[in-house]
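The model shown is predicted, which means the values in this text are computed figures rather than measured ones.
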Amino acid sequence: MDDNIIVDLFLMRDRKALEQTSKKYGSRLRSISYRIVDDYQTAEECENDTYMEAWNTIPPHEPKNYLYAFLARITRHISLNCCRNRSRLKRSAFIVELSEEIEQCIPAPDDVECRIDDTELSYAINSFLGRLSEEKRNIFIRRYWYLDSVTDISKRFGLSESKIKTTLFRCRNELRRYLEEEGYAL
Amino acid sequence: MRGNEFLDKMELIDPSYIEGADVMVSKKKSVLIRLGIVAACLAFIVFAGAKILSHENKKINSDMPMLSVSEITPTMGYEGYTAYDISELVNANPWNEDFKLSTLPVYQNTFNYDENNFESGVDLDKIRKFILEIANRAGLDENNLTVTYDTPDEEEKQKIIDKFNSAGVTVPKGYFTPTKLIINSQGIEIEADSSMTATVHFEPALTVPSEYNFTHFSSYNDKCDVAEYLKTKYKSLIGIENPQADIFGGDYNIYGQQQYSVGFFEDGQDKTEKIINYNFNRVTFANDDDGKLFIVRICQPDLSVKAGDYPVISSNEARQLLIKGNFITTVPYEFSGEEFVEKTELIYRTDKNEKYFMPYYRFYVELPELKQEDGLKTYGIYYVPAVESAYISDMPVWDGSFS
């Protein structure tokens, strides 16, 4: 079913919206969550929570042109929180490791909450990503949005793990330099 | 800002970039690998040439359509069974390793979804005939029954149309198409759907004599006794000439309780007929929490469109394909290796989403990462097409992702 119609069903509070969303995107959302939480049952819970969150946020949102990305963002958010809240999930250590890794992109990390609003930060991140080659951008996103392991990224792109690590290292340095040069104080 | 907050803020990445990074890329291969491939190709050409010269080339029957493997869609969790030993997982599948089969029939599923994911091509007359036959078998007078559809009444329908119109869209085609027929009479409700499955609910549930232990966790032997009773008592409803009992299950739930189910299937004259009947002509009985007969489910998928009798591979050949990754599965773990393959069966996948009803080898593979301290193991299910790969247009190759 077309995304426009699915979003219309959400707007009309028709429960078929959930059924159609699950049919069309269920496995992809579950897959995103599974890669983050590494626990199948928890991934299913996160998928179901995604539908509930979508039900509660459409309206006011009307993601007709980006329904998958809208849902995927919710799934990612829920799954990340899930990892942090449930220390029994072995993935929580991986999330800590990734957080430390990406902290290298912040020019002057500190404990103060982000000083710029989401619109400005979104502009900064997306402008930076727009300057990268497609391959570098996708590798960066696989690592820090989809939270893939280096091994999985290596398999996906058919590149060696050391090549992936080097690319990520350079991307992090470039992002930090970009944020410094543009004067973003995070 | 710290790294954990920045990791969260990555959700601000543009949706088009997110989608772009989710597209599978064609993998780059190193020079060495490419040289290796060229060498392997040359070796293969020499080998294949020798084979062609020494053997008559296998012919493919072009009259039979190429088959496609339907995507496997998990519903509740993945397909896996928990037991202390593989021998605890039982069923009455008539196939065994000694069956030497050269061909097996493949049927086209007459059931389809349209582009809006609504059921299409629903043959209501056929379902009506089916539900009336089941009603008759359940002892209802088919001449005094009202058959209803699972569609909203006119008032509800108008409300839905108005809702769509208010959002500036028309109701998608097929939105109100009925997919189920329902009969409700004398404490029996029968629902029959387009996959030709009829579900008979008894309200109130029917009592089973006290000497039979028909509960969720009855032992295998108790379920065998129950099956004997049901076979006689509900002979007409089962509607099978020579019913074979199928006590299937034996896996444990999360509370460590072992469960078996009771079913019947029609016997057959030969090996192929036995296999077809086991997979396509089945009746299962379910009890409620009080040990009473609650539901009977009768499955008779439409086999009217036969695609052909296709050559099939042996279970050993299928095992090699499994090792190579030519399988479909809902198991969210990497294939654990040949040494963990514990059991093989030949079955037909009969889900209504299948484009073709075709045979598969079903492998029970132990998942070592899920082995519990008390020795309880989990066996994941992997399917390999049993039809020769020359007839499969999209031989599955596991790509490392989980569906």
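Other residues, nucleotides and ligands contribute only 12 or fewer heavy atoms inside 6.0 Å of the NZ atom of B:K324. The environment of A:R170 atom CZ is sparse: at most 12 non-hydrogen atoms of other residues, nucleotides or ligands sit within 6.0 angstrom. Remark: B:Q372 CD is packed, more than 12 non-hydrogen atoms of other residues, nucleotides or ligands lying under 6.0 Å away. For CD of B:E155, the number of neighbouring non-hydrogen atoms (other residues, nucleotides, ligands) closer than 6.0 Å is 12 at most. Under a cut-off of 6.0 angstrom, the local environment of OH in B:Y84 is crowded, with over 12 non-hydrogen atoms contributed by other residues, nucleotides or ligands. For B:K343, the NZ atom counts as densely surrounded, since its 6.0 Å shell holds more than 12 non-hydrogen atoms of other residues, nucleotides or ligands. Crowding of B:K377 atom NZ: a count of heavy atoms from other residues, nucleotides or ligands under 6.0 Å exceeding 12.
Residue A:I139 does not touch chain B at all, counting heavy-atom pairs closer than 4.5 Å. Proximity to chain B (any heavy atom under 4.5 Å) is restricted, for A:I125, to the side chain, taken from C-beta onward. For A:Y66, the part lying near chain B is the side chain, with the backbone staying farther off; criterion is any non-hydrogen pair under 4.5 Å.
Contact tally against chain B (heavy-atom pairs below 4.5 Å) for A:L98, A:N4, A:L9, A:L11: the top residue is A:L9.
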side-chain contact (heavy atoms from CB on, under 4.5 Å) for B:I160 and A:K16? Distances and angles first, verdict last.
CA-CA 12 Å; B:I160 294 170; A:K16 271 206 168 85; over 6 Å; no
Applying salt bridge (Lys or Arg N to Asp or Glu O under 4.0 Å) to B:E334 and A:K155, what does each step give before you reach the verdict?
CA-CA 14 Å; B:E334 286 198 32; A:K155 282 183 193 161; 3.7 Å; yes
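Closest heavy-atom contact between A:S99 and B:L7: OG-CD2, 3.7 Å. The two residues A:I106 and B:G3 make their nearest non-hydrogen contact at CD1-N, 4.0 Å.
A:N126 is linked by a side-chain contact (heavy atoms from CB on, under 4.5 Å) to A:S122, A:L129, B:I13, B:D14, B:Y17, counting only residues two or more places apart in sequence or in another chain.
Ion pairing between a basic and an acidic side chain is recognised when a charged N comes within 4.0 Å of a carboxylate O; B:E19 and A:R73 show no such pairing.
Taking the side chain as every heavy atom from C-beta outward, B:F6 and A:L175 approach each other to under 4.5 Å. For the pair A:F140 and B:M10, the minimum side-chain heavy-atom distance is below 4.5 Å.
Between atom CE of residue A:M12 and atom CG of residue B:D162 there is a gap of 11.0 Å, rounded to the nearest 0.5 Å. To the nearest 0.5 Å, atoms CZ (A:R30) and OH (B:Y78) are separated by 13.5 Å.
Within the 3.5 Å criterion, the main-chain N or O of B:I18 finds a donor-acceptor partner in the side chain of A:Y146.
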